**Student:** 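Below is the structure I would like to discuss, written out as structure tokens.
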There are 2 protein chains.
Amino acid sequence: MQKRITIKDIAKELNVHHSTVSRALRNDPRVNESTRDMVLAYAREHDYQTNMNAVQLRGVTNNTVALIVPNINHTFFSDIISHLTNAAYESGYIISVFQSNEDFAQEVDIINTIIKQNYAGVIASISSRTTDSKHFKLLNTFGIPLVFFDRMCDDMQTPKVLVNNYEITFEATEYLINKGYERIAHLTGPTHINVFNDRLRGYTNALVKHKHTFELNMELDEEFTIELGKQCLINLMDANEKPDAIISSSTLLTMGIALQAREFNLRIPEDLALIVFGNHLGTIVMQPQLTTISQSEYEIADLAFELLEKMITREMPIGEACTKLVNAQIIYRESC
Amino acid sequence: MQKRITIKDIAKELNVHHSTVSRALRNDPRVNESTRDMVLAYAREHDYQTNMNAVQLRGVTNNTVALIVPNINHTFFSDIISHLTNAAYESGYIISVFQSNEDFAQEVDIINTIIKQNYAGVIASISSRTTDSKHFKLLNTFGIPLVFFDRMCDDMQTPKVLVNNYEITFEATEYLINKGYERIAHLTGPTHINVFNDRLRGYTNALVKHKHTFELNMELDEEFTIELGKQCLINLMDANEKPDAIISSSTLLTMGIALQAREFNLRIPEDLALIVFGNHLGTIVMQPQLTTISQSEYEIADLAFELLEKMITREMPIGEACTKLVNAQIIYRESC
DNA sequence: TGTATATTTGCACACGTTTGTACATAAAGA
DNA sequence: TCTTTATGTACAAACGTGTGCAAATATACA
């Protein structure tokens, strides 16, 4: 664990000034070719690595982009992370992922770390407990570009890449209605989050349009698990009017429902239809395979990064609103 | 997008020296209480954030730990990430995740970024294309603590948290043999990686012990997908001696196999037994539910972080080998 | 009042890098 | 030979923060 080698060390060793070394390393034309070669050879030989803290202290931005997600182990987010990492790498950026764990305090800490470390930019989807956007606004204050995707703070002037949750949930509900289902339930997350609110509105409005009087919306603030899904179905089937179709925001919840339906000897889709948001692989190995709403993670990732990069290169101003809608689509399978 | 506020700005505004502000912000006892309160109030008011680049330039380490994984959207890794993030947060650290995408060049770039930015430490699982450990050794050179988990470079002196892949695969193979399966195949990744090599050895040795002559090992270097799994089974069933059991390293592969088995009207587990590494949720919603080998991600995450933290706090020296084995366990379900 | 001690603040330098400017040397032109 | 220009290198200051040391002020004690 020797001391880190610096340009001054190199300079001393080669009997030149450290400014010459600095220029040589960055291929500045004002340095003699032989000097440059000598410096580069020495640097390579001794594994010199720029100290970015010193560089950034002078105001130069780095190439690391922070990505904040509520949960890394949700298919939707992990797919986006994966695509985003690749897209960014091709443009010369490194993606660094942070998980807020649906926790407000952690989200704030993450943002503070990002500001303190001077990241080049931030792509974020907020936690379900986030109601205040002060910490995100701070990014703008410090001149760090920010792009929201999926879940966002609606009071912020910044680019947003969103899914057309309202339209697709409307469409899904209508699809179930047209299939003859009478009592459609809707399971989703806290509706102060745009995503869940849009889905709720799509669901409700479709019911209204078709004059359905049965409306059963469950807004869950707990962690979505298979167990919770089982319990949900138990509760639902305990009521007077039992649903014959469920649109759900969570794959885990829906898996639990499907497992519990077997226990109840409910046939899917005859007795109970299921539609779920997401591309979880489990949905296609189940029997019957679940009808899902796919949210085109590729497109979201590409769009979000494209917008961020434009802000980093100052091609686009920071702190200016702009919303891109990405179309989700229903993947018709066997559960309806 | 105003200029970033610094301690000098605060000092000028409050008519004190910036060193006093610096001390006040870090609760140095050598500063008057009233002065400190004044400074803290002003800092809070104006959203002052320390510039870590300046701090780190002076040799102080930060609290950000880098986590490198080959693929974020593999259940094994995303579970570890999730647990690790929480464990680290409780100890006051922030985890920043990087995906190498099973690509050597990206892995090298990530390490270089980590060195340049002076992260506090690194927890890593190497890509399947990594055969040279020079970049990881560089971390030690620069005094950055490193802990490997799961996949590692065996020529490196550094703590490693590994799964007892040899023993558990031996056990799984033996289990199949005792169940009466005659022709057991093994599907895994490139065996220059310790994980896959250990599994192969466990498999082979169990066969030898029980004098089984049928041995079919497939070492795949492509990306594991459901499609590839389907193709695998097609190929396997095309041979003269068709396997009646498969131990596989990949959930996706095995899902493909299971789906293809249906096409072939092969009954699971009667005609074909399946055991797969991992905790993917898909394995428990399938019918039949798959017997899996669970690798206790919690324990791996906790151990890895514990070791890293000790190195960060210099409680443990950097660059000293030590290997912790974590016990995997077979979760017996319906596919055998 | 004067001296000793405790408390608080200011000063100056360092960390590693970049960059504008000045200096030195070499080549070219008169 | 002397100026002019081109080329290469050195110098010094700056980025924001932390810290040893000196200075200043306040408090205690004789």
Side-chain angles (χ1 to χ4, degrees), chain A residues 2-40 42-43 46-63 112-113 115-119 141-144, chain B residues 2-40 42-43 46-63 112-113 115-119 141-144:
Chain A
Q2 76 256 27
K3 205 177 138 297
R4 174 180 200 123
I5 184 175
T6 71
I7 54 172
K8 287 192 180 175
D9 297 331
I10 300 179
K12 195 183 295 173
E13 203 61 38
L14 300 180
N15 287 314
V16 290
H17 197 262
H18 69 268
S19 61
T20 303
V21 175
S22 170
R23 282 190 251 264
L25 287 170
R26 285 170 304 109
N27 291 318
D28 188 305
R30 296 195 308 167
V31 54
N32 193 332
E33 195 177 348
S34 64
T35 319
R36 183 175 66 236
D37 291 348
M38 180 177 66
V39 170
L40 289 179
Y42 190 94
H46 293 75
D47 294 315
Y48 169 78
Q49 293 271 4
T50 315
N51 185 334
M52 284 304 285
N53 291 310
V55 177
Q56 288 176 225
L57 196 52
R58 294 186 42 89
V60 183
T61 58
N62 63 20
N63 68 335
N112 287 341
T113 299
I115 293 174
K116 286 202 244 283
Q117 303 275 4
N118 283 310
Y119 279 73
T141 308
F142 281 87
I144 300 177
Chain B
Q2 76 256 24
K3 203 176 140 297
R4 172 178 204 126
I5 184 176
T6 71
I7 54 172
K8 288 193 180 176
D9 298 330
I10 300 178
K12 195 182 295 174
E13 203 61 39
L14 302 179
N15 286 315
V16 290
H17 197 263
H18 71 266
S19 61
T20 304
V21 175
S22 170
R23 282 190 257 262
L25 288 170
R26 282 169 306 107
N27 290 317
D28 188 307
R30 296 194 309 165
V31 55
N32 193 333
E33 194 177 351
S34 65
T35 321
R36 183 175 64 237
D37 291 348
M38 181 177 68
V39 170
L40 289 179
Y42 190 95
H46 293 77
D47 294 315
Y48 170 78
Q49 294 272 4
T50 315
N51 187 334
M52 283 306 284
N53 292 311
V55 177
Q56 288 177 222
L57 195 53
R58 294 181 44 86
V60 181
T61 57
N62 62 20
N63 69 336
N112 286 340
T113 300
I115 293 174
K116 286 201 245 284
Q117 304 274 3
N118 283 312
Y119 279 74
T141 308
F142 281 87
I144 300 176

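Keep in mind it's a predicted model, so treat the numbers as computed, not measured.
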**Student:** Tell me the closest heavy-atom pair linking A:Ile7 and A:Ser22, and the distance in Å.
**Tutor:**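 Looks like CD1-CB, 4.0 Å.
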
**Student:** Among D:dT17, C:dT18, C:dT8, find the nucleotide with the atom closest to the side chain of B:Thr35.
**Tutor:**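 The answer is C:dT8.
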
**Student:** With nearest nucleotide decided by heavy atoms, which residue, A:Arg30 or A:Leu25, maps closer to the 5′ end of DNA chain C?
**Tutor:**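 Mapping each residue to its closest nucleotide by heavy atoms, the 5'-most match is A:Leu25.
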
**Student:** Please state how far atom CE in B:Met52 lies from atom P in C:dG16, giving the value in whole angstrom units.
**Tutor:**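 Computing the B:Met52:CE to C:dG16:P distance gives 16 Å.
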
**Student:** With a 3.5 Å cut-off and heavy atoms only, can you find an N or O donor on one side and an acceptor on the other between the side chain of B:His18 and the base of D:dG18?
**Tutor:**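 Looking at the base of D:dG18, it does pair with a donor or acceptor on the side chain of B:His18 (distance under 3.5 Å).
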
**Student:** Once you round it to whole Å, what is the distance between C1' of C:dT18 and CG of A:Asn53?
**Tutor:**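 These atoms are roughly 15 Å apart.
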
**Student:** What nucleotide, of D:dT17, D:dC11, C:dG10, holds the atom closest to the side chain of A:Ser19?
**Tutor:**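 Closest nucleotide among those given: D:dC11.
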
**Student:** C:dG16, OP1 or OP2 - any side-chain N/O from A:Tyr48 closer than 4.0 Å?
**Tutor:**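 Negative; the distance criterion is not met.
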
**Student:** Assign A:Val16 to base, sugar-phosphate, or nothing according to its heavy-atom contacts below 4.0 angstrom with the strands shown.
**Tutor:**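 Answer is sugar-phosphate: A:Val16 comes under 4.0 Å of backbone atoms only.
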
**Student:** Rounded to whole angstrom units, what separation is found between the CD1 atom of B:Ile7 and the P atom of D:dC15?
**Tutor:**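 Value for this atom pair: 13 Å.
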
**Student:** Quick check on C:dG10: is either OP1 or OP2 less than 4.0 Å from any side-chain nitrogen or oxygen of B:Thr20?
**Tutor:**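 For C:dG10, OP1/OP2 do have a side-chain N/O of B:Thr20 under 4.0 Å.
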
**Student:** With the side chain of A:Thr50 defined as its heavy atoms from C-beta on, choose the nearest nucleotide among D:dT19, D:dC15, C:dT17.
**Tutor:**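 Of all the options, the side chain of A:Thr50 is nearest to C:dT17.
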
**Student:** Find the distance A:Lys8:NZ to D:dA10:C1' and express it as a whole number of Å.
**Tutor:**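 Result: 14 Å.
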
**Student:** Expressed as a whole number of angstroms, how long is the span from A:Gln56:CD to D:dC15:P?
**Tutor:**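 To the nearest whole Å, that distance equals 17 Å.
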
**Student:** What is the distance, to the nearest angstrom, from the CG atom on B:Leu14 to the P atom on C:dG10?
**Tutor:**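 Atom CG in B:Leu14 sits about 11 Å away from atom P in C:dG10.
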
**Student:** Atom CG of A:Asn51 and atom CD1 of A:Ile5: how far apart are they, to the nearest 0.5 Å?
**Tutor:**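 One gets 12.5 Å once the value is rounded to the nearest 0.5 Å.
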
**Student:** For B:His17 and C:dT9, what is the distance between atoms NE2 and P respectively, to the nearest whole Å?
**Tutor:**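 To the nearest whole Å, that distance equals 13 Å.
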
**Student:** Answer with yes or no whether B:Arg58 presents, from its side chain, a donor or acceptor under 3.5 Å of a partner atom in the base of C:dG16.
**Tutor:**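 Between C:dG16 and B:Arg58, which were checked side chain against base, a qualifying N/O pair under 3.5 Å is absent.
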
**Student:** With nearest nucleotide decided by heavy atoms, which residue, B:Val31 or B:Ala54, maps closer to the 5′ end of DNA chain C?
**Tutor:**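 Result: B:Val31.
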
**Student:** Take B:Arg23 and B:Asn51, find for each the nucleotide of DNA chain D with the closest heavy atom, and name the residue whose nucleotide sits nearer the 5' end.
**Tutor:**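 Of the two residues, B:Asn51 wins.
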
**Student:** Can you check whether A:Thr6's main-chain N or O pairs, donor with acceptor, with A:Asp9's side chain at less than 3.5 Å?
**Tutor:**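 Yes.
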
**Student:** Would you say A:Asn53 and B:Val55 make side-chain contact, with heavy atoms under 4.5 Å?
**Tutor:**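 A:Asn53 vs B:Val55: side chains apart.
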
**Student:** Whole angstrom is fine here: how far is it from CG in B:Asn32 over to P in D:dT25?
**Tutor:**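 Rounded to whole Å, this separation is 15 Å.
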
**Student:** Once you round to the nearest 0.5 Å, how far does CE of A:Met52 lie from CD of B:Gln117?
**Tutor:**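 Rounded to the nearest 0.5 Å, the CE-CD separation comes out at 5.5 Å.
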
